[in-house]
Structures are given as structure tokens and as C-alpha cells.
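What follows is one structure encoded as C-alpha cells, with my remarks underneath.
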Amino acid sequence: MPSASGRRKPSRSSSAIVADKERGRHDLKIDAGTLDAPAPAGARGLLASSPFTVGGHRWRIRYYPNGDGADTKGWVSVYLLLDEDVAEPVTARFRLSLVTETRALFFIKCGSELLPNPHPETQEEFTSWGVWGYSKFEQRQVVASLLRRRGADRFSIRCDVVVLNGFRTEEKAPSAAAIPPSDLHRHLGDLLQSGRGTDVVFEVGGEAFPAHRCVLAARSPVISADLLGAAAAGDGGAVRVDGVEPRAFKALLRYAYTDSLPEMDKEEEDAVLRNLLVAADRYGLQRLKLICEDRLCRLVSVGAVEITLALAEKHKCDRLKEACLQFLGAPANLRAVMGTRGQ
């Protein structure tokens, strides 16, 4: 829509040029005995990994336990091989490292670097059957000594490869709008507080509580059949509710409209929650019952533990029952409870 000046707002978009790359890892597991057993230097001592694929290309790790030639005898030589013919050179970043398996917390196994000064990542261009790596990766006896120190009978040559396939353009999507959280509960709470459009009144302990049939019927089939059914069968007066204290019924209505409970005075919270739990169980508000049970578990005290335990037994609140029994399981608490009986 045009702005007040008659001009449209300019459209905005963006794009980015990013590296097209694929990552991969291969672990070549090796018995530590290859470092102690006699091994020829050069091509006759070559050991290689199975082929693995990264970035659409086939690779292998080459391992020489006693060097790749006469001048590197006594060293471990390690290389990365591009194991195929290619029309164009393949650019790749790679890192070769030696790792051993260790146990972390809860016996989780993880790999840790064996060498104190690991080799850094390097980038090279690989042609057909091209090889890059280290003829003197580490002295053979140094690796064997480090393994013995760790009590390891095997290690792995780990090869991390990043194949670079040039660059590509990415179009950036517009940033998502910041969507505020739902405030339906606030609007319904305001509706209850204001009393607008109410069509039923409940009389609880001499106090009147106006409410909306449709909201309560949607929240609880039991309320719909019990309380609202009584309202429909009556003469249009207030619906009397017995067995629930006014402050607990007010909290129940608040929960029905907002899914939350009002703030309660610390002095009366315990008693209100017990009465509210009874009402929640009576009217089929299972989530409210669980909320009350959870909060009562944290309010178990010397003066209320017996009545709370009886409540938990009657309304099948296993967690609350367990909390009461744990409280009474402490000798000091039990003595204090028994002491109150004699007063």
C-alpha cells in the first residue's frame, strides 16, 4: 500500500557468497603392536585404510609404522591419499591426528589426542592419486611410549577432511517477524475480573462469584454437568456450592480462565491448596490437582503433616503421600508431631 507521500516503500533483500564445502571424518584403528613388531621401511611396510567418501571423492589413509623410506626409518609416516582419477584438482583442508579411547563420566567413551603437540590443519590441492601428509609424523618409539603410559593397546589415526567445491550464492530470507507470546490468558482473566457478560452466579460460603458458562463448560465436563446443570434446572438464582471454601473457589475460577493460580498469602497457602486440591479432584481438573499436589509437597510441616497425609490417601496423591512419609521418617520431625498431640 502506498505511503502517505504516495511512494511505495522500497523492497529489501540480500544474498551472500559462501564457500561450498563438505566435511567428513575417518578413524583408522590400529593395534599398538605395529609399533613394536619388526616392520620394513618404505612401500613394503605400507598399511592403508578402507576407502571412505567425503565431498563426492574417495580417500584413503596411508600408514607406515616404520617410515616411508630409508631416511625416515624409526618414524611413523602418515598420509591422505585421493584414491581416484579426477579431471580437475580437488582442494581440501585436512588434519591428521593420533587419538586414544578414554572413559569420561558415566563410562562414556571418547577420543583424546595422544600427541602433546598435534599437527595443525593444512590445505592442499589433490590431483589424481595425489598424496599429502607427513613423512616424519612422530617418532615410532615416542608413540609407543605414550601408549604404554596410558595403558592403551590400540590407537586411531583420525583424518578430518573438508572438501572445498568453490563458492555459491545464497539468497538470504527476510528475517522472521518477532511474534509476541499469546496473551489469551490475560484477556480471559480480565473478563473474569470485570464481570462483563457473565451468565451464571455461584454462591460459596456466603460469597457470590459471577462467571461465564461457556468458559467453565469448555474447561471441565464435570463442572458443565454438575454446577451448570444445576443452574439450568434451577429457578434462575445463584448456584450454591458446598464443600469448597470461597478463597479456594475463587482460585479455581482463576485457574479455569487463565491456567494459573493467584498469589496467596503464605499464612493461608497450605489450607487453600488443600481445599483447592479437593475441588480440582471433584470437578475433574487433573492438571490443577497435580499443581496443588506439587506445591503441597513443598509445604509439609509439623502442624499440617497428618491432615495432609490423610488428604493424600483419600484423593490418591501418591507423590504427596511419599513427601509426608519422608517428612515423618526424620526422627526429629516425628518427635515434634507426636509432641503436638499432647498439647
For this session: List for me each residue that meets side chain to side chain donor-acceptor pair (under 3.5 Å) alongside Ser220, sequence neighbours excluded, and say none if there are none.
Result: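 Side chain to side chain donor-acceptor pair (under 3.5 Å) check on Ser220 returns nothing, list empty.
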Exercise. Are the charged groups of Lys314 and Asp281 less than 4.0 angstrom apart, N to O?
Worked result: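 A salt bridge is absent here (no side-chain N lies under 4.0 Å from a carboxylate O).
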Problem set entry | Salt-bridge contact Asp242-Arg240 (side-chain N to carboxylate O under 4.0 Å) |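 Looking at Asp242 and Arg240, the cut-off is met.
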Problem set entry | Residue pairs fulfilling ring-ring contact (aromatic ring centres under 6.0 Å, His included) with at least one residue in residues 256-288, sequence neighbours excluded |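 Only His212-Tyr257 qualify under ring-ring contact (aromatic ring centres under 6.0 Å, His included).
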Exercise. Which side chain to side chain donor-acceptor pair (under 3.5 Å) pairs, counting each pair once, include a residue from residues 295-305, with sequence neighbours left out?
Worked result: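 Sorted result for residues 295-305: Glu269-Arg295, Asp294-Arg298.
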Exercise. Around atom CZ of Arg186, are there more than 12 heavy atoms of other residues, nucleotides or ligands at under 6.0 Å?
Worked result: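 It does: Arg186 CZ has more than 12 such atoms within range.
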Exercise. Would you find more than 12 non-hydrogen atoms of other residues, nucleotides or ligands less than 6.0 Å from Ile307 atom CD1?
Worked result: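 Check fails, neighbour count at 12 or below.
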Exercise. Would you say the side chains of Tyr63 and Thr34 form a donor-acceptor pair under 3.5 Å?
Worked result: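 Their side chains do contain a donor-acceptor pair, which is all the 3.5 Å distance test asks for.
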Exercise. Which residue pairs pass the salt bridge (charged side-chain N to carboxylate O under 4.0 Å, His left out) test with at least one member in residues 122-139, sequence neighbours excluded?
Worked result: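 Matches after skipping sequence neighbours: none remain.
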For this session: Sequence neighbours left out, what pairs pass salt bridge (charged side-chain N to carboxylate O under 4.0 Å, His left out) with at least one residue falling in residues 245-264?
Result: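 Non-adjacent pairs meeting salt bridge (charged side-chain N to carboxylate O under 4.0 Å, His left out): Arg219-Asp259, Glu245-Arg247, Arg247-Glu268, Asp259-Arg287.
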For this session: State which residues pass salt bridge (charged side-chain N to carboxylate O under 4.0 Å, His left out) with Glu322; sequence neighbours excluded, sorted by chain then number.
Result: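 Per chain and number, Glu322 pairs via salt bridge (charged side-chain N to carboxylate O under 4.0 Å, His left out) with no residue.
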Problem set entry | Counterpart residues, salt bridge (charged side-chain N to carboxylate O under 4.0 Å, His left out), relative to Asp83 (two or more places apart) |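 Arg58, Arg60.
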Problem set entry | Partners passing side-chain contact (heavy atoms from CB on, under 4.5 Å) against Glu22 (at least two apart in sequence or in another chain) |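 For Glu22 the side-chain contact (heavy atoms from CB on, under 4.5 Å) partners, ignoring immediate neighbours, are Asn165.
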Problem set entry | Partners meeting side-chain contact (heavy atoms from CB on, under 4.5 Å) with Pro40 (sequence neighbours left out) |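 side-chain contact (heavy atoms from CB on, under 4.5 Å) list for Pro40, sorted by chain: Arg44.
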Side-chain donor-acceptor distances from residues 194-204 under 3.5 Å, at least two apart:
{"residue": "Ser194", "atom": "OG", "partner": "Asp190", "partner atom": "O", "Å": "3.2"}
{"residue": "Ser194", "atom": "OG", "partner": "Leu191", "partner atom": "O", "Å": "3.1"}
{"residue": "Ser194", "atom": "OG", "partner": "Arg196", "partner atom": "N", "Å": "3.3"}
{"residue": "Ser194", "atom": "OG", "partner": "Arg196", "partner atom": "NH1", "Å": "3.1"}
{"residue": "Thr198", "atom": "OG1", "partner": "Gly195", "partner atom": "O", "Å": "3.4"}
{"residue": "Asp199", "atom": "OD1", "partner": "Arg213", "partner atom": "N", "Å": "2.9"}

Exercise. When the ring centroid of Trp59 is compared with that of Phe94, is the distance short of 6.0 Å?
Worked result: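 Centroid distance Trp59-Phe94: not below 6.0 Å, so no.
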Exercise. Are Leu299 and Thr308 side-chain neighbours, meaning at least one heavy-atom pair lies under 4.5 Å?
Worked result: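 No, side chains not in contact.
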Exercise. Which ILVMFWY residues are connected to Leu164, directly or by a chain of links, through side-chain heavy atoms under 4.5 Å apart?
Worked result: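 Grouped by the 4.5 Å side-chain rule, Val162 form the rest of the cluster around Leu164.
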Exercise. What residues, two or more places apart in sequence or in another chain, satisfy ring-ring contact (aromatic ring centres under 6.0 Å, His included) together with His119?
Worked result: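 Checked His119 against ring-ring contact (aromatic ring centres under 6.0 Å, His included); matches are Tyr134, Phe137.
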